[in-house]
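Data first, discussion second: the structure below is written as structure tokens.
No hydrogens, no waters, no symmetry mates; every other heavy atom, side chains included, goes into these values. Quick caveat: nothing in here was measured; it's all calculated off a predicted structure. Throughout, a chain's letter reflects where its sequence line sits, starting with A, and its residues are numbered from 1.
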Amino acid sequence: MAAMNGRGHHKPAKYSAFTLVRRGLTGEPWPRAWRTHDLRPSYDAVIIGAGVHGLATAYYLATNHHITNVAVLDRGYVGGGGSGRNTAIVRSNYLTPEGVRFYDRSVKLYERLSADLNFNVMFSQRGHLTLAHNDASLRTMRWRAEVNKLEGVDSEVIGPDEIKKLVPFMDVGDDTRYPILGALYHPPGGTIRHDAVNWGYARGADALGVEIHQNTEVLGIDVRDGAVKGVQTSRGPISAPVVVNCTAGWSSLISAMAGVELPIITHPLQAAVTEPVKVFLEAVVVSGTLHVYVSQTDRGELVFGASTDPYASYSMRGSLEFTEELAGHVLELMPSIAKMRVLRQWAGLCDMTPDFSPVMGVTPVDGFLVDVGWGTYGFKAGPVSGEAMAELIATGKTPEIIASFDLARFAEGRLVGEKGAAAVGH
Amino acid sequence: MILVPCPWCGSRNSQEFRYVGESRARPDPATATPEEWRSYLYVKTNAAGWATETWFHRNGCRRYLTLERHTVTNEIRGATKPAAQRRTAGGGA
């Protein structure tokens, strides 16, 4: 363990074909991707939540702003919450111009992430289809396509014949319960290996001197004279002038410790995966009407997600209703996969806001920042959120790209309505 | 499956109901400032534990009920008729 302790920069083992062969031949063990540390009494910034948002914030603080005296705390383990439970879909075909710009920046960061982190995140830009089953959703697709094009994002509305070419197994006939009228086709969208993103950011931040503390629960937040002073943890107190809440499903509970109320309701979201089969589905397929999204992993499993459970809950138990409804809807789209078997199902917690946009930036408590309200679309926004939050921490000024996602918008009535593009369309 | 004890219909599958949200005191629309009204609309306690909630029996009696539910275990320990409806409801209709 002694070798893993210690502070400051260290040079991690570089991942390459050469080192793979060398270590394969010599049997030399791989070092741990990130170190463990004793908790210190103070840091320049404490980030709560070691998911993609917290780790990316720490990583960009270190790379872009050279702030490395930072602790990332997590009650559980790296990527154990929503960052490891989502369905790993990345896209930028949103509805509002600010939403499109924001997610497009994230896609751009994801495109170069493997090289930046020296960690293969398996970003596969295989194309993303959002199906329209009625005139209203077709109109929304057209609206999104035009907003996307204005912002320089590749999106187009296509008809059933073109959908059939992209996904031959899809039933595009007009004799189904919900006939497919068209789709919003978004070629840069795709899937990514979410665990690799979490681990890559953790390894990158650790190499630059950030301390990652797993199994470290935040029990309280110290606030005096309207400013944050530090946190109480299960391993002792920490003083810090900046505390960032990056905790998704638990964000209301953490913010309440600082006396900040949020417009957030926590809903579970269930997902499932089938046994692996030969690859037959290239694009990511989403249907808002049928509350389902499907993609096939490189290993061959079909990954399914649905809409959130219809009531607030912190329970992550699966339900039979979910599996039944999901299977019915998937078979509506692709009847030929009826004999595939579901391997497992799981749930994650989503922090839903009233306008389906996140809550980012400053709060009434000085130094207490939030990057929450990510609902069902947080993973794809990890890199850009981390970059923006790091800039806010380093400069004290809210970056333009997240200005409209501020907490004050709810009291001032400036909601950023993304329901048309974010409610189910992952 | 979660069973919701509707005070009018008895125990029913939660899928028959619509979750309306946690119960909060409604400010007087005549005197509330826009900020107070928006806070009533948007801000939530979002408790991890016992919560008092409003549910609507959509595919049943189509009436509202107040539920005491544990949001971590989904255990339900009480369902009552909302205060405004208690006088007239009387268990019938």
Side-chain angles (χ1 to χ4, degrees), chain A residues 75 217 245 247-257 259-268 307-325 347 349-357 359 363-364 372-373 375 407-417, chain B residues 1-6 11-27 29 32-60 62 64-79:
Chain A
R75 183 171 67 175
E217 184 174 0
N245 177 5
T247 53
W250 296 269
S251 55
S252 301
L253 310 177
I254 294 289
S255 287
M257 292 176 185
V260 174
E261 288 186 306
L262 294 176
I264 281 173
I265 308 175
T266 296
H267 285 265
S307 47
T308 55
D309 287 359
Y311 43 81
S313 181
Y314 288 85
S315 163
M316 282 184 276
R317 287 178 65 170
S319 67
L320 181 63
E321 287 97 337
F322 159 77
T323 323
E324 276 183 326
E325 201 173 296
L349 297 184
C350 301
D351 43 344
M352 307 301 295
T353 57
D355 59 356
F356 290 78
S357 287
V359 185
T363 67
V372 298
L407 176 60
R409 76 176 184 272
F410 296 97
E412 293 166 14
R414 299 180 275 110
L415 273 57
V416 184
Chain B
M1 181 173 73
I2 301 174
L3 286 174
V4 175
C6 175
S11 237
R12 297 294 178 90
N13 187 338
S14 67
Q15 285 198 310
E16 290 183 12
F17 296 80
R18 181 166 68 86
Y19 167 78
V20 179
E22 61 184 52
S23 305
R24 280 182 95 88
R26 184 172 180 260
T33 64
E35 288 73 23
E36 282 166 354
W37 190 255
R38 289 176 190 134
S39 169
Y40 162 66
L41 286 180
Y42 302 134
V43 171
K44 308 288 171 191
T45 307
N46 200 20
W50 288 106
T52 306
E53 305 171 329
T54 305
W55 288 60
F56 176 61
H57 199 174
R58 179 173 49 190
N59 299 339
R62 299 194 62 79
Y64 288 89
L65 52 142
T66 304
L67 212 60
E68 286 262 314
R69 185 175 63 102
H70 197 285
T71 59
V72 180
T73 63
N74 284 328
E75 184 189 346
I76 293 168
R77 70 178 175 194

### Taking every non-hydrogen atom, the tightest pair across A/Phe410 and A/Pro354
CE2-CD, 3.7 Å

## Note on the structure
Rounded to the nearest 0.5 Å, the CG atom of B/Asn74 sits from the CG atom of B/Leu3 at a distance of 12.0 Å

## Note on the structure
Under 4.5 Å to a heavy atom of chain A? For B/Thr45 that would be backbone

### Query
Which region of B/Trp55, side chain (C-beta onward) or backbone (N, CA, C, O), has a non-hydrogen atom less than 4.5 Å from a non-hydrogen atom of chain A, or is it both or neither?
side chain

### Task
Mind telling me whether B/Tyr64 and B/Phe56 have parallel, tilted or perpendicular rings, with 30° and 60° as the class edges?
tilted

### Query
So which heavy atom on A/Pro364 is nearest to which on A/Leu407, and how close?
CD-CD2, 4.1 Å

### Modelled atom types, side-chain donor and acceptor of B/Asn46 and A/Thr266, under 3.5 Å
yes

### Task
Taking atom types as modelled, find out whether A/Ser357 and A/Asp355 have a side-chain donor-acceptor pair closer than 3.5 angstrom.
no

### Task
Against chain A, label B/Arg69 side chain, backbone, both or neither, depending on which of its atoms sit under 4.5 Å from a heavy atom there.
side chain

### Message
Rounded to the nearest 0.5 Å, what separates atom CG in A/Asn245 from atom OG in A/Ser251?
### Response
6.0 Å

### Query
Which members of residues 310-320 of chain A, sorted by number, sit under 4.5 angstrom from chain B on a heavy-atom basis?
A/Pro310, A/Tyr311, A/Ala312, A/Ser313, A/Tyr314, A/Ser315

### Task
Say whether, by atom type as modelled, one donor and one acceptor occur between the side chain of B/Thr54 and the main chain of B/Val20 under 3.5 angstrom.
no

### Query
Which region of B/Ala51, side chain (C-beta onward) or backbone (N, CA, C, O), has a non-hydrogen atom less than 4.5 Å from a non-hydrogen atom of chain A, or is it both or neither?
neither

### Query
Is it the side chain or the backbone of B/Gln15 that comes within 4.5 Å of chain A heavy atoms, both, or neither?
side chain

